[in-house]
Amino acid sequence: MKKIDLHIHTIATSNDSYFDFDLFKLKEYVQKLEIDCIAITNHNVFDLNQYNEICKALDIVVYPGIEIDLNGGHLLLISDKDDLFDFTKKCAIINNLKKTQEDYISVEKFKEIFPSLSRYLLIPHYHKNPILSQQTIKELDTLISSGEVSSIKKFKSCIKDKDSLVPLIFSDSRYFPELKSFSTKQTYIDLEEISFSGIKSCLTDKQKVFLSKDEGNEFFQATDEGLRLSTGLNVILGERSTGKTFTLNKIFSSFDNIKYIRQFSLLQNDEEKFKELLSRRHSSVSEDYLEEFKKVVDDIKNIDKKQNEIDLEKYITSLIKFASESEKADAYSNTNLFSENPFPIKNLSNLKKLIEAAKLLNENTEYKEIINRHINVETLNSLEIDLIKEYLKIEEDNHKKEWLNNLISTIKGELRFRTSSTVPEDADFYNILIDNEKIKKFNKITANLKTEKIIDSKEIRNFRIVATSKEFTSVSQLQKICRRKIVLSTAFQQYDNPYLYLRALKNLDLEETELYKYFVEIDYKTLNKHGFNVSGGERSEFNLLHEINDALKHDMLLIDEPESSFDNIFLKNEVNALLKDISKSIPVIVVTHNNTVGASIKPNYIAYTKREIIENEITYKVYYGYPYDKQLMNNNGETIENFQIMLDCLEAGNEEYNKRRTETYEILKN
Amino acid sequence: MKNITKEELKHMKFLKIENSKGFFFKSREEVNNWVEIDKITKEDLFDLLDKAISSEFEMDEYQESDISHKAHQIVYKSIFEKFSTLISNKSKFKDECDSQYKSALEKYKTIDDKHLPIENTESNIGNQ
């Protein structure tokens, strides 16, 4: 079995954040992690001199390679060591083509530069960003058999998926002097001796790639200190201050996309804060529910009813005044055009929709048979043609009217400039009516919206989150939405008249796109299995269940002492079952003191942390093994009694355990 | 003049020419009678606007020769033209109104089967 890492960066390119490469760190990494073979794969560049230096410094096999920005994704191209000069030349062409960070090499160009692709090892970013698309992989033909993944979870799912490429997991790391801990992402391949052809052959077979040296894909290396953990459920035990949280933190920094539930982070004693948390988590529920209302508000907020009334008043008073002065009319105001109304322009939007609908009926192939059963092709064609003809006719008419309106308006302007008569104003009756109608509908919609009702209900195990929409009852509720010091009380007096209320809100210094939020309150309640509001403890329980459920979106779950916030019945009935379930999909690591979690959960693997003082120096040791092992072992081969650990960590020692068992429980039992 | 029922209002004349003068029909606050066109106010116009859309709105055609009163001529002509345009757009108005905020009206309907009955949980909320 050989451990390989074919994705290593040693040059800071425009794709990287800046770092100073440290060859000693790379050497330390290779030795500490016991790696048998690496490849140097910098972004779009290969430096032969540096490569030679690295080869000289390390006593393992180092292959030359390059990570190419290809067609929107990344591809590792690794070469054998036989023709370094040719490889360097080809990489230089790639480097010249890559002028900016946004540049990508096309497949054609790539094939032109590397005409004999079969000579190389090609590993695309497969389940890892930026992904090389399936289409590009296809275009590269059958040369690609393996792909890089970003997590253990993805590695395992590729192994199970018969259609997927052979998964590989690599560090993709940079080595610089300040680097504190090393990545533990490497792949084991079933190979006696490292050779380019040997690796190539292993990477075509899922039976030959593994996460661990001896135990297939059921284990992985969790820290660079050698802590090996199960890809299922792990429990880390240990007394206080023995490095349990330190170990979790170390794992957290070594892997990406981890859900880490820290100690006490779930305690929820404050009801208001809990409500806020719920609103945040479920903000999409509110947004989805109010989406249509928002559109209405966005439209209504531009309607100025008062201005419409003023326009109408101006129209009628100026008209009457002008008419009453008709006897005194001068040569200018006496002309017909002086008081002429403009031609109304016809709105074509409905006709446009009709044409599109006719076109859709005409062009649809999926349901052609049904459509033609009722309307034959000729009828559809002539319908579409007639509608288009009508459209063109009205459009032409509109153009003429617009031209005339311009002319009339110019003449009116000239006449009005010279006359001493009152000038009749215009008003758009149609739009005034449409606006009135809109306001009526808006008031109706808002009244309906304010009627209290349940808009969403979700179950999470024994809890139910219920979202209710209801009207605001006090101005302080509005203040929570606003989050700024704005006086809302005057506006709120109009709350019962939605249109006036909206006008009042519009006059305040509020975000216009947020006005729709001030009409109805979306209240979230979490109910327990009996349908009652949750208590403080239940709030924390609910939080934990929610967080654990959320972990499935991640690649690993770490929990630090869940018992610090919960009682044993809940831990046993709910948490243990849930953790077990989730550990089937992602590695789960639980740190605990509690016997309900530690012992009853039946983990796949346990680790025990211990602090020892040797010659006045504190050393932290980690022992690990199966729960049924008599002894746990550390990396140095030292062992420790498993049974004793269980009693010490979970039962407060042998004496206490016996006392509790024989005295307390037996007495209670009797 | 007797009170006019809503039914009668739905189908009647609102602008007429009589004795060489223009009139509009005023039906507001228990008043139902014909008023000379030059006495029309903003409120009257609003009422007429509503009726133009909601009922069969009839008007006497404007002919310059039918009205001798110059001021009536100007006001009647302008209002007649405005209402003619509006009435000719009645079906468009109806279509536009029908489609206005349709999805919002549908979504927030109060009696709606898609929402869960509120009683089920409401009785429990806050009982603890």
Side-chain angles (χ1 to χ4, degrees), chain A residues 289 291-293 295-296 299 309 312-317 319-320 322-327 329 339-341 343-344 346-347 349-350 424 427 429-430 432-434 436-438 441-442 444-449 451-457 464 466 468-469 525 527-528 530-535, chain B residues 22 37-46 48-50 52-53 69-79 81-86 88-89 91-93 95-97 99-112 114-128:
Chain A
Y289 182 65
E291 191 189 355
E292 300 299 324
F293 184 65
K295 286 183 201 154
V296 176
D299 192 34
E309 282 173 16
L312 206 58
E313 187 165 17
K314 271 188 187 162
Y315 162 76
I316 199 65
T317 48
L319 180 68
I320 289 171
F322 169 70
S324 67
E325 292 166 356
S326 60
E327 301 301 321
S339 54
E340 195 57 86
N341 293 321
F343 288 110
K346 211 161 181 184
N347 186 328
S349 58
N350 273 349
F429 280 23
Y430 186 84
I432 290 172
L433 270 183
I434 286 284
N436 283 355
E437 206 58 35
K438 281 182 174 175
K441 286 202 174 157
F442 169 63
K444 186 174 180 215
I445 290 166
T446 314
N448 284 351
L449 193 68
T451 314
E452 187 166 337
K453 58 179 166 282
I454 291 173
I455 59 165
D456 192 64
S457 175
R464 191 144 68 100
V466 180
T468 312
S469 75
K525 277 199 168 70
L527 308 177
N528 62 20
H530 308 294
F532 292 122
N533 263 338
V534 287
S535 64
Chain B
I37 196 85
D38 58 346
K39 302 287 179 294
I40 195 164
T41 65
K42 175 188 73 170
E43 286 73 25
D44 297 327
L45 262 187
F46 255 124
L48 288 180
L49 272 180
D50 272 343
I53 290 303
H69 194 289
K70 188 69 185 161
H72 281 216
Q73 247 181 33
I74 293 169
V75 179
Y76 195 94
K77 177 177 180 269
S78 180
I79 293 175
E81 280 175 357
K82 285 262 175 205
F83 277 97
S84 301
T85 318
L86 191 65
S88 71
N89 277 325
S91 55
K92 181 187 153 204
F93 179 83
D95 286 351
E96 203 171 328
C97 288
S99 62
Q100 248 170 31
Y101 310 146
K102 205 174 175 181
S103 43
L105 277 164
E106 193 63 34
K107 187 169 180 176
Y108 308 116
K109 263 201 285 194
T110 37
I111 306 158
D112 194 339
K114 75 185 168 197
H115 295 301
L116 306 168
I118 205 144
E119 298 77 22
N120 284 359
T121 54
E122 194 48 21
S123 56
N124 295 325
I125 296 171
N127 279 358
Q128 198 171 311

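Numbers restart at 1 for each chain; the letters A, B, ... are given by sequence-line order, proteins then strands. Only this structure's heavy atoms are used, side chains among them; waters, hydrogens and symmetry mates stay out.
Pairing each heavy atom of B:Gln100 with each of A:Glu437, the nearest pair is OE1-C, 4.0 Å. Scanning both residues, B:Lys42 and A:Ile316, for their nearest heavy atoms gives N-CG2, 3.8 Å. When all heavy atoms of A:Asn448 and B:Lys109 are compared, the pair lying nearest together is ND2-CA, 4.2 Å.
Options B:Ser103, B:Ser78, B:Ala52 differ in how many heavy-atom pairs under 4.5 Å they form with chain A, and the most are formed by B:Ser78. Ranked by heavy-atom pairs shorter than 4.5 Å toward chain B, the options A:Asn350, A:Leu319, A:Thr317 are led by A:Leu319. Contact count against chain B (heavy-atom pairs under 4.5 Å) is highest for A:Leu312 among A:Leu312, A:Thr446, A:Asp299. For the set B:Asp95, B:Asp44, B:Ile40, the count of heavy-atom pairs under 4.5 angstrom toward chain A peaks at B:Ile40. Across B:Leu86, B:Thr85, B:Leu49, the residue that shares the most heavy-atom pairs under 4.5 angstrom with chain A is B:Leu49. Among B:His69, B:Lys70, B:Glu96, the residue making the largest number of heavy-atom pairs under 4.5 Å with chain A is B:Glu96. Taking A:Leu449, A:Thr451, A:Val296, A:Asn347 one by one and counting their heavy-atom pairs under 4.5 Å with chain B, the maximum is reached by A:Val296.
Distance check: B:Leu48 CG to A:Phe429 CZ gives 8.5 Å after rounding to the nearest 0.5 Å. Note that the CD atom of A:Glu292 and the CD atom of B:Glu106 stand 10.5 Å from one another [nearest 0.5 Å]. To the nearest 0.5 angstrom, A:Ile320 atom CD1 is 8.0 Å from B:Thr41 atom OG1.
At least one side-chain heavy atom of A:Leu433 sits under 4.5 Å from a side-chain heavy atom of B:Asp50. The closest side-chain heavy-atom distance from A:Tyr315 to B:Ile79 is below 4.5 Å. In this structure, B:Phe46 and A:Glu309 have side chains that are in contact, with non-hydrogen atoms separated by less than 4.5 Å.
Summarising the local packing, CZ of A:Phe343 is surrounded by 12 or fewer heavy atoms from other residues, nucleotides or ligands at distances under 6.0 Å. The neighbour count for A:Lys346 NZ, taken as heavy atoms of other residues, nucleotides or ligands under 6.0 Å away, does not exceed 12.
Contacts of A:Lys314 with chain B are absent, with no heavy-atom separation under 4.5 Å from either backbone or side chain.
Remark: the backbone N or O of A:Ile445 is not paired with any side-chain donor or acceptor of B:Tyr101 at under 3.5 angstrom. Between the side chain of B:Lys82 and the main chain of A:Ala427, a donor-acceptor pair closer than 3.5 Å is present.
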